[in-house]
Amino acid sequence: MALSKEQSQFYQQTLEMTRKQINDLNGQIEEELAKVKERLAELQNAKNAAKQIYDGACKILGVENDLEKEEEALSNE
């Protein structure tokens, strides 16, 4: 069954509209991913700084750094 001119125009507009929506959504997804990656980097930097402080305190107190052991155990699993 052939489409009428009006039906063809309707589906062509639908294609164009949904393609634009998909492209817009892809852009929004990329923006959100960039924000998440930036936040993760901030958190990782804060964690690394806290680990350095913890390690320094362990050395000053003359105690073993238990966090290093825990991380080694986790990385070996």
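- Under 4.0 Å is where a charged nitrogen must lie from a carboxylate oxygen, and between E42 and R39 at least one such pair does.
- Ion pairing of K35 with E32 is present here, as a side-chain N (NZ or NE/NH1/NH2) and a carboxylate O approach within less than 4.0 Å.
- Using a cutoff of 4.0 Å between basic side-chain nitrogens and carboxylate oxygens, E68 and K51 are not scored as salt-bridged.
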For a side chain to side chain contact (heavy atoms under 4.5 Å, CB included) check, start with the C-alpha distance between K59 and D55, then their side-chain angles and the critical distance, and finish with the verdict. CA-CA 6 Å; K59 287 178 181 171; D55 186 55; 3.2 Å; yes
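- Heavy-atom contacts from other residues, nucleotides or ligands closer than 6.0 Å to OH of Y54 number more than 12.
- Closest approach of Q7 to A2, counting heavy atoms only: OE1-O, 4.4 Å.
- When all heavy atoms of C58 and N65 are compared, the pair lying nearest together is SG-CA, 3.7 Å.
- Rounding to the nearest 0.5 Å gives a distance of 11.5 Å between CG of L3 and CD of Q9.
- How far CG of N76 is from CD of E71: 11.5 Å, rounded to the nearest 0.5 Å.
- Qualifying side chain to side chain donor-acceptor pair (under 3.5 Å) partners for N48, counting only residues two or more places apart in sequence or in other chains: Q44.
- Here the CD-CG distance, from Q21 to N26, works out to 12.0 Å after rounding to the nearest 0.5 Å.
- Side-chain atoms of T18 come within 3.5 Å of backbone N or O of T14 as a donor-acceptor pair.
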